[in-house]
Amino acid sequence: DEAVAQLASVIADRDATRHARWQAVLVAPELIGERRELWDTLAERVRASNGADSEMPAAISALALVADGRAGEAAQLAGAAQAGDPNPHLKLFCALLDQRRGQTDAARDGFLEVLSADPEANTAAAFDFAGDAPLRLLIRMYLSTGQPRAALKLAGADAELKTKGVDERHAGAGEGVEAASDLRNRDEHPSAKYRTLQERSRERRSQSRIELLGLLSEAAERTGDISRALDYAHAKLDLLGDKTGRADIATRIERLSELKRAKASRRSPGLIIDRELIARK
């Protein structure tokens, strides 16, 4: 009950940033789970503290419905709130609810609208400890629906998914090893039970990056772009350090390298001009 009271005080504080208030809303499911009475308590306290606010109570009520397994009703409630107050945070929240209930087209349109309204991803920053940013969600969506070229094109807009040339990759390998080492060290210290939202965001973003690099490598191979598939595979290897999966990606790199060499050897020879034959003609 004390945790609920603290959450309510942050969510209802109109002097706090919208970023902080939404983070508090999104933390609520982890603390409350499926206990409906606590959801009701949280909503009542927020309304009592700030009766003029409709955005936060709607988000809380929607999450309570999700906890009850009523994602469709949650989406309707959030959609009505978003129609009355069309801000990027509510738009992203609605898109995430649409994705959760399998409404792929609606979710895609919502993510695209958020990206268009907020290209700097300031809105997504409030949500990123709990999931991928809209850009990466769209990339995953295109990959899962058999649109590898669209996914690869979109990946070019994510700075962390851009690949490096051979020299750059070799010079920057330490950065990837260091990032992987940070995650490994945390895994080796289970006593570090509590993490800040910033730490969780950083860890999730790093894990997402590693996974997406592997998926994009497979997508590039499917389109026949072996060089790009190799670049993504090397980028993933750099980030893995000595974590699990390094042997598998190294084997993949070897196979892709053989494909690239075989493809190069099959190229038709260049045009040869026989001057003597032309002269005789």
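We number each residue from 1, following the sequence as shown. All heavy atoms count here, side chains included; hydrogens, waters and symmetry mates do not.
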query = What do the steps show when you test Arg202 against Arg205 for side-chain contact (heavy atoms from CB on, under 4.5 Å), and what is the final call?
reply = CA-CA 5 Å; Arg202 185 165 55 247; Arg205 201 161 51 242; 4.2 Å; yes

Check [Y] with [X], please: is the shortest side-chain N to carboxylate O separation under 4.0 Å?
X      : Y      : answer
Glu211 : Arg140 : yes
Arg21  : Glu55  : no
Arg228 : Asp231 : no
Asp40  : Arg36  : yes

Minimum heavy-atom distance [X]-[Y], with the two atoms named:
X      : Y      : answer
Ala58  : Leu77  : O-CD2, 3.8 Å
Ile249 : Ala233 : CG1-O, 3.6 Å
Leu256 : Ile226 : O-CG2, 3.5 Å
Met56  : Val25  : SD-CG2, 3.7 Å
Ser208 : Arg136 : OG-NH1, 3.4 Å
Gly110 : Lys91  : O-CG, 4.0 Å

message = Could you go through Met141 and Phe111, starting from their C-alpha distance and side-chain angles, then the distance that decides it, and tell me whether this counts as side-chain contact (heavy atoms from CB on, under 4.5 Å)?
response = CA-CA 11 Å; Met141 193 174 290; Phe111 295 145; 3.7 Å; yes

inquiry  = Would you say that more than 12 heavy atoms from the other residues, nucleotides or ligands in this model lie under 6.0 Å from the CZ of Arg255, or not?
reply    = yes

message = For Glu160, is the CD atom crowded, meaning more than 12 foreign heavy atoms sit under 6.0 Å from it?
response = yes

Same hydrophobic cluster for [X] and [Y], using side-chain heavy-atom links shorter than 4.5 Å among ILVMFWY?
X      : Y      : value
Leu212 : Phe129 : yes
Leu65  : Leu92  : no
Leu31  : Leu197 : yes

If we ignore hydrogens and angles and just use 3.5 Å, is the side chain of [X] paired with the main-chain N or O of [Y] as donor and acceptor?
X      : Y      : value
Thr251 : Ala247 : yes
Thr41  : Glu37  : yes
Thr223 : Ala220 : yes
Ser265 : Ala262 : yes
Arg35  : Ile32  : yes
Arg209 : Leu161 : no

query = At what distance, to the nearest 0.5 angstrom, does CZ of Arg252 lie from CG of Leu230?
reply = 8.5 Å

request  = Could you grab the distance from atom CG of Leu138 to atom CG of Leu115, nearest 0.5 Å is fine?
outcome  = 6.0 Å

Whether Trp22 and His89 hold their rings parallel, tilted or perpendicular, with breakpoints at 30° and 60° = parallel

Side-chain H-bond candidate by donor/acceptor type, Thr145 with Gln147, under 3.5 Å = yes

From CA spacing to verdict: side-chain contact (heavy atoms from CB on, under 4.5 Å), Asp68, Glu73 = CA-CA 10 Å; Asp68 280 345; Glu73 294 176 55; over 6 Å; no

